[in-house]
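Quick notes on the structure that follows.
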Amino acid sequence: MTPAELSAAILRIVTEALARRESAVTVSIDDVLLDRPKNRDHGDWASNIAMKLAKPLGTNPREFAAELAEGITGIEGVASVDVAGPGFINITVDAAAAGRLAKTIVEQGEAFGRSNLYEGVSINLEFVSANPTGPLHIGHTRWAALGDSLGRVLRAAGAQVANEFYINDAGNQMDNFGASILAAAKGEPTPEKGYPGQYITDLAAAVLQREPGLLDLDDVSALATAREVGYQLQLGEIKDSLARFNVKFDVWFSERDLHAGTPSSIDKAVERLRAQGHVYDEDDAIWVRTTDFGDDKDRVIKRGNGVYTYFAADAAYYLSKSDRGFAHKIYLLGADHHGYVHRIKAIAGAAGDDPARDVEVLIGQLVSINGARLSKRAGNIIELDDLQAWLGTDALRYSLGRYPADSPLTLDPEVLQRRTNDNPVFYVQYAHARTNAVAKNAAATGVDRSAFAPELLTHETESNLLGSLGEFPRVVHQAAELREPHRVARYAEELAGAYHRWYDNCRVTPMGDEVVSDVHRTRLWLNDATGQVLRNSLGLLGVSAPERM
RNA sequence: GCGCCCGUAGCUCAGCGGAUAGAGCAAUUGACUACGGAUCAAUAGGCCGGGGGUUCAAAUCCCUCCGGGCGCACCA
């Protein structure tokens, strides 16, 4: 039996109890979610429903708990029920009922943990969106890991998700980028506002190789050539870096496309906002009344000199997402983009969408290494590529993926490069490799899955392991709902621990001249189920599940 | 000044109202002539930043103060 099935059964009993009292109080499945008590004396699962309902029902929580407990005792597979403390209902499940989960998981395979929470929901998930003026750094790397994992988790919850990268390839920074490359090609120092760093020198060399006549061109053409060729090379490197990092984008959206054509997407966007009545003219500029939607001041969308602001492109870009059929948009942005939140919400509102429902902006905090934050402009960046070469994709993705986005994070490079338990990715991967080794040894000694007798899974570590396995669907569900993929990593660590402890206590293969029995066969199911859930977990994190290490 | 985020063990961090606040690392001590010891078992370590409040129940929710980070452009 799964926790979900037990919850459903309890819901029926609670509903009956309410009907007997002719109460107007209603309950849903979310009210009867079960906890796994930390203390094993409190049973396998615990419910606080009696305490929650005691007040609205005007009853004593312990008495109500006792009433419910009587009904719960009758649920098939429940071994015993106790009322404890202020009104907790502690439930112990019999070994056979709990153990059947192992077979369920093996049979469901990759599907175990998936749900239809977001069935039919189409989500645009934008993240990284780095300027194509330099390599990806540690900050981008964190969003790449978290964003990609979030996409996987949302898909597991049934959503249709497009990972999207917005390329900021219009604007002054591109000219500064081109000028920097051109200066490097000429052997001149970095221009003011230019980009320093070795990568510019390298790009200049690559540009010269592709355009040997670069320095013979007139200034305007040379700048344009340096900029465009450098841009393509740099963007290609970004794409390669992300692909190596196991991060796949479905859409690479160029800001230039918004500016192209007459009228351009931006022209049309401004007109659409104007038609909705949210645009006005003042001081030669065109403004959007974003204060109507919670912004602290109105924003200029077109300057007095006739040039659109960046905000205009943001608006057109937002509308493009809507036009492409994404009802729901998620933006994953760095902390330095905090000022965007109100503006994006305002655009949504001005476009006639519901800012609270259709747009989510997730602001992530900074990562630092060695206490020093890193800046592209300062030229002391740490690149994704360096980190990856140093730590490996799995360790890097996992290290960045196991923390919530909104907590500032300090990574210790000394610890990260150790291939030990300091980095929990190895702990989890080792558990998976171990399930594989156990299965192989089992086959060699004649243990197969020809029998399944779940009532034999009676050891305390087996009960714990089954309890942990049963939580996976809810963990995925929560991770999707809260946009917190790190929960999957934390769960995987707990599951790996439960597995290692089980491995230490319960053998799958017989030792010595012991004969193969149904205990061994049944444990093989449990072993394989654990391997499956570890694989599913690591898959959601974009981390490999090696068969051996 | 205004807004958002953070403050939990020596360190890095989990813990979206539940029982005795957890993990890893660091420290101390044990377990391989039995499925890989990248493992397991155990000890020690906490006014959950301070103070109020709500609740049967607060690290968690509300208020306030203190400390740290980040934002508040006709920049991109």
Side-chain angles (χ1 to χ4, degrees), chain A residues 35 37-39 41-42 46 48 51-52 54-55 60-62 84-88 90 131 133 168 170-174 176 255 283-287 295-297 299-311 313 334-342 361 363-366 368 373 399 402-412 415-416 418-427 429-431 433-435 437-442 444-445 447 461 478 481-482 484 486-487 489-490 493-494 496-497 499-501 503-512 514 520 523 527 548-549:
Chain A
D35 278 324
K38 278 163 275 185
N39 189 337
D41 296 339
H42 294 151
N48 61 1
M51 290 180 290
K52 273 187 177 171
K55 184 148 232 177
N60 176 297
R62 278 199 66 109
F88 289 101
N90 294 332
N131 287 352
T133 53
N168 290 135
N172 295 338
Q173 86 275 8
M174 292 306 294
N176 295 336
E255 185 191 345
D283 301 334
D284 297 332
I286 302 178
W287 297 71
D295 205 354
D296 50 358
K297 58 176 290 195
R299 303 289 164 181
V300 169
I301 197 164
K302 194 172 193 178
R303 291 176 226 155
N305 61 11
V307 178
Y308 285 118
T309 62
Y310 200 79
F311 177 60
D336 56 336
H337 287 68
H338 197 272
Y340 277 3
V341 179
H342 276 305
V361 184
I363 295 290
Q365 297 296 313
L366 297 178
S368 58
R373 284 190 304 282
S399 304
R402 70 189 289 269
Y403 302 103
D406 56 8
S407 69
L409 182 59
T410 305
L411 294 178
D412 181 348
V415 170
L416 280 177
R418 268 182 247 154
R419 310 213 121 225
T420 67
N421 236 356
D422 298 26
N423 191 337
V425 69
F426 297 115
Y427 185 77
Q429 287 185 319
Y430 182 59
R434 186 171 249 184
T435 62
V438 167
K440 211 153 53 176
N441 292 332
T445 50
V447 178
T461 57
Q478 278 193 332
E481 213 167 25
L482 298 170
E484 291 185 344
H486 76 277
R487 287 170 182 273
R490 298 292 168 159
E493 290 162 32
E494 182 201 310
Y499 176 76
H500 285 312
R501 285 187 284 278
Y503 170 91
D504 231 49
N505 284 281
C506 301
R507 295 184 53 92
V508 172
T509 57
M511 53 180 173
E514 201 186 341
H520 304 113
R523 283 177 177 164
N527 178 77
R548 45 190 297 190
M549 298 173 68

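Everything quoted here is computed from the prediction, not taken from an experiment. Sequence lines set the chain letters: A, B, ... in the order given, protein chains first and strands last, and positions in each chain run from 1.
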Is it possible for you to check whether A:R434 lies under 6.0 Å from the centre of the six-membered ring of A:Y503, through NZ or CZ, and within 45° of that ring's axis? yes
Could you tell me whether A:H42 contacts a base, only the sugar-phosphate backbone, or nothing, with contacts defined as non-hydrogen atoms closer than 4.0 Å? base
Of B:U55, B:U39, B:G18, the nucleotide closest to the side chain of A:K55 is B:U55
Which part of the nucleic acid does A:R299 contact within heavy-atom distance under 4.0 Å: base, sugar-phosphate only, or nothing? sugar-phosphate
Using Watson-Crick geometry (N1-N3 plus N6-O4 or O6-N4) or G-U wobble (N1-O2, O6-N3), each under 3.5 Å, B:A23 is paired with B:U12
Between A:Y427 and B:A38, do the rings stack, that is, sit under 5.5 Å apart with planes less than 30° off each other? no
Any strand is fair game: report the nucleotide pairing with B:G17 by Watson-Crick or G-U wobble, both distances under 3.5 Å, or none. none
With a 4.0 Å cutoff (strictly under), does any side-chain N or O of A:Y310 reach OP1 or OP2 of B:C74? no
Rounded to whole Å, please give me the gap between CD1 in A:I301 and P in B:C75. 14 Å
What contact category does A:P61 fall into here, base, sugar-phosphate, or nothing, at under 4.0 angstrom with non-hydrogen atoms? nothing
Tell me which nucleotide among B:C40, B:G71, B:A38 gets nearest to the side chain of A:D336. B:G71
Could you check which of B:G36, B:A76, B:C74 has an atom nearest any side-chain atom of A:N172? B:A76
Using atom names, set out every protein N or O paired with an N or O of nucleotides 43-46 of chain B below 3.5 Å, distance rounded to 0.1 Å.
none

Determine the interatomic distance between C1' on B:A21 and the same-named atom on B:A9; round to the nearest Å. 11 Å
Hunt down the Watson-Crick or G-U wobble partner of B:G7, both distances under 3.5 Å, from any strand shown, or write none. B:C66
Would you check if A:H486 stacks with the base of B:A14, given a 5.5 Å centroid limit and a 30° plane limit, both strict? no
B:A76 base to A:Y308 side chain: any donor-acceptor pair below 3.5 Å? no
Determine which nucleotide pairs with B:C40, using a 3.5 Å limit on both distances of a Watson-Crick or G-U wobble pair. B:G30
Which nucleotide in the list B:G71, B:U39, B:A19 gets nearest to the side chain of A:Y430? B:U39
Could you let me know what B:A58 is paired to, Watson-Crick or G-U wobble, both distances under 3.5 Å, or none if it's on its own? none
Over all strands shown, is A:A170 touching base, sugar-phosphate only, or nothing at heavy-atom distances under 4.0 angstrom? sugar-phosphate
Please report the distance separating the P of B:G24 from the corresponding atom of B:U20, rounded so that it comes out in whole Å. 22 Å
When all nucleic acid strands are considered with a 4.0 Å heavy-atom cut-off, which category describes A:N505: base, sugar-phosphate, or nothing? nothing
Measuring only between side-chain heavy atoms, which start at C-beta, is A:Y340 closer than 4.5 Å to A:V361? no
Would you please confirm or rule out a distance under 4.0 Å between OP1 or OP2 of B:C75 and any side-chain N or O of A:R303? yes
Any N or O donor-acceptor pair under 3.5 Å from the base of B:A19 to the side chain of A:N90? yes
Give the nucleotide from the list B:U39, B:G22, B:G36 with an atom nearest to the side chain of A:K38. B:G22
Does a salt bridge link A:D41 with A:K38, judged by any charged N lying under 4.0 Å from a carboxylate O? no
Which nucleotide, B:A19, B:C13, B:G37, lies nearest any side-chain atom of A:P404? B:C13
Closest to side chain of A:Y403, choosing from B:G71, B:C40, B:U12: B:U12
Return the nearest nucleotide to the side chain of A:V300; candidates are B:G36, B:C74, B:G18. B:C74
Suppose we define a pair by two distances each less than 3.5 Å, Watson-Crick or G-U wobble; what does B:C72 pair with here? B:G1
With the side chain defined as heavy atoms from C-beta on, A:L482 is closest, among B:U39, B:C16, B:A19, to B:C16
Looking at A:P510 and A:E514, what are the two nearest heavy atoms and their distance? CB-O, 3.5 Å
Counting heavy atoms from C-beta on, name the nucleotide in B:C74, B:A76, B:C56 closest to the side chain of A:P86. B:C56
Indicate for each nucleotide in nucleotides 1-7 of chain B, in 5' to 3' sequence, whether protein heavy atoms under 4.0 Å reach the base (B), only the sugar-phosphate (S), or nothing (-). --BSSS-
